[in-house]
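Reviewing the structure listed below.
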Amino acid sequence: MAQVNDIGIDLGTSNVLIYMRGKGIVLREPAVVALDRDTNTVLAVGSDAYRMIGRTPGNVVTIRPLRQGTVGDFGLLNTMVRQFILHTCGKHFFNRPRAVISVPSGVNDMEKRSIINLMFDAGARHTQLLDRSMAAALGVGIDFSEAYGTMIVDMGAGMTDIAVLAMGEVVIATSNGIGGDYFNDAIIRYLRKKHNLLIGERTADEIKMSIGSAVPQPNEVTMDVTGRNLISGMPRTQAITSVEVYEALREPVSELIEAIQGVLERTPPQLAADIFEEGIVLTGGAAALTGLAEAVYDALHIPCGVADDPQTSVAVGCGRALEPSQTNRDMLNASRVAGRRRR
């Protein structure tokens, strides 16, 4: 029987979420580390490091250990995860938690084994990996153990995983880089090209969440944005409209829809018919973009909905996978990667 402090972890490129049995989401922190390059010392992790983005002196850099679905720096990842688990579980050597963790799909088998070892060093007595799409489906409450097709589109910051699930397995899946960061980059490029205004990632994310939309909005909204004028080099405030942000996001949204269509075209006909009947479920933080489900429906004519709390779906699913059942054991065994563990 799983202990109360057993945890499910969504190790994302933008945020790390930890779900604890009996308590729900107990940690939600940006996956950012602030590093002093002169001394190679970690100054802050999580929210404290995120607040430093764009505001640090030259010797201090803010780094995402995970970027676009791959591990950029294992040392910083180790430090970050260790602090998060210590903050969540405390120092309980004789009550080490079991952990189910979902990592970005771009992480290879060697990196997965390293992450399992990392989790052991951070305090987990036993760690198992779970496919992100399966975790998202569990988190939403979808039963995909039967011979019935379900499509999950899990949109993180660096990657989007598109999968068709049936019989407790992934039938067909693909991953691409069309995530939240990709949307932010599109906004940055648009403002640089149209207004000669250079903004940072945080500002682009604020624009996306405040007035961004995947479909035209009935009422135009304006937002004042401060950046650097590329001609004069001086700070400047520019009024940006929701119509402009829609134009900036139209191409990446179209690319996402094409990727979904590509998976549907390779899906066995009977499972595709199930999806056309029941629809597509969007999860992940990037799925919160206004009108995204509507844009998918308009293009593909398939019902599409967003999870109630899309950002927590994977973490909740990882936690639910700890429930004792044969289906959960089969899913975890299918995702098993050799690593160090202690019984």
Side-chain angles (χ1 to χ4, degrees), residues 1-31 46 66 81 84-85 87-89 97-105 107 115 119 122 124 126-145 150-163 165 168-170 173 179-180 278-289 292-293 304-335:
M1 178 71 73
Q3 300 298 315
V4 173
N5 66 336
D6 288 346
I7 55 178
I9 304 178
D10 175 11
L11 188 61
T13 58
S14 178
N15 293 282
V16 175
L17 285 81
I18 298 181
Y19 175 98
M20 184 175 288
R21 288 283 310 280
K23 296 183 179 180
I25 299 295
V26 294
L27 182 137
R28 187 190 314 226
E29 288 281 331
L66 288 156
V81 172
F84 287 160
I85 292 180
H87 175 78
T88 303
C89 302
R98 287 191 306 147
V100 171
I101 183 169
S102 179
V103 298
S105 55
V107 174
I115 289 172
M119 289 293 297
H126 179 42
T127 300
Q128 289 176 281
L129 302 183
L130 181 61
D131 180 272
R132 289 191 67 82
S133 300
M134 289 184 174
L138 285 174
V140 174
I142 295 174
D143 180 8
F144 56 94
S145 60
T150 298
M151 175 172 270
I152 291 284
V153 180
D154 181 64
M155 302 183 63
M159 298 286 289
T160 289
D161 295 303
I162 306 169
L165 310 176
E169 298 181 0
V170 176
E278 293 297 322
I280 301 168
V281 179
L282 305 181
T283 64
L289 176 66
L292 187 56
C304 184
V306 181
D308 292 338
D309 189 355
Q311 191 178 48
T312 67
S313 300
V314 171
V316 172
C318 287
R320 288 177 177 171
L322 289 161
E323 298 286 348
S325 75
Q326 186 59 49
T327 300
N328 289 345
R329 284 192 290 270
D330 291 343
M331 282 191 295
L332 293 173
N333 288 336
S335 300

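Hydrogens, waters and symmetry mates play no part in the numbers below; they use all other heavy atoms, side chains included. Quantities reported herein were computed from a predicted structural model and do not represent experimental measurements.
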Can you name the nearest heavy-atom pair linking [X] to [Y], along with the distance?
| X | Y | answer |
| --- | --- | --- |
| Arg132 | Leu11 | NH1-O, 4.2 Å |
| Gly8 | Leu322 | N-CD1, 4.4 Å |
| Val100 | Ala321 | CG1-CB, 4.3 Å |
| Ala293 | Val306 | CB-CG2, 3.9 Å |
| Ala287 | Leu282 | CB-CB, 3.8 Å |
| Met119 | Ala99 | CE-CB, 3.7 Å |

Could you check if a side-chain atom of Thr312 sits within less than 4.5 angstrom of a side-chain atom of Leu17, using non-hydrogen atoms only?
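The answer is yes; the side chains approach within 4.5 Å.
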Non-hydrogen side-chain atoms of Thr160 and Val153 separated by less than 4.5 Å:
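Yes, close enough: below the 4.5 Å cut-off.
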Identify each donor-acceptor pair in which a side-chain atom of residues 133-144 lies under 3.5 Å from a protein atom, sequence neighbours left out, and give them as a table.
residue	atom	partner	partner atom	Å
Asp143	OD1	Ser145	N	3.0
Asp143	OD1	Ser145	OG	2.6

Evaluate the side chain to side chain contact (heavy atoms under 4.5 Å, CB included) criterion for residues Leu165 and Glu169: first the C-alpha distance (whole Å), next the side-chain angles of each, then the deciding distance (0.1 Å), finally the verdict.
CA-CA 6 Å; Leu165 310 176; Glu169 298 181 0; over 6 Å; no
How many angstroms lie between atom [atom1] of [X] and atom [atom2] of [Y], to the nearest 0.5 angstrom?
| X | Y | atom1 | atom2 | result |
| --- | --- | --- | --- | --- |
| Lys23 | Ile7 | NZ | CD1 | 11.5 Å |
| Leu130 | Ile101 | CG | CD1 | 11.0 Å |
| Cys318 | Asp131 | SG | CG | 10.0 Å |
| Ile18 | Arg28 | CD1 | CZ | 12.5 Å |
| Asp10 | Asn15 | CG | CG | 8.5 Å |
| Thr88 | Leu27 | OG1 | CG | 4.5 Å |

Can Arg21 and Glu323 be said to form a side chain to side chain contact (heavy atoms under 4.5 Å, CB included), step by step?
CA-CA 9 Å; Arg21 288 283 310 280; Glu323 298 286 348; 3.5 Å; yes
Ser14 meets the side-chain contact (heavy atoms from CB on, under 4.5 Å) criterion, sequence neighbours left out, with Arg64, Ala157
Could you tell me whether a side-chain N or O of Asp6 sits under 3.5 Å from a main-chain N or O of Arg98, the two making a donor and an acceptor?
yes
With a 3.5 Å cut-off and no angle check, do the side chains of Asp154 and Thr283 form a donor-acceptor pair?
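Per modelled atom types, Asp154 and Thr283 side chains form a pair under 3.5 Å.
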For the pair Met159 and Thr13, evaluate side chain to side chain contact (heavy atoms under 4.5 Å, CB included) and give the outcome as yes or no after the intermediate values.
CA-CA 8 Å; Met159 298 286 289; Thr13 58; 5.5 Å; no
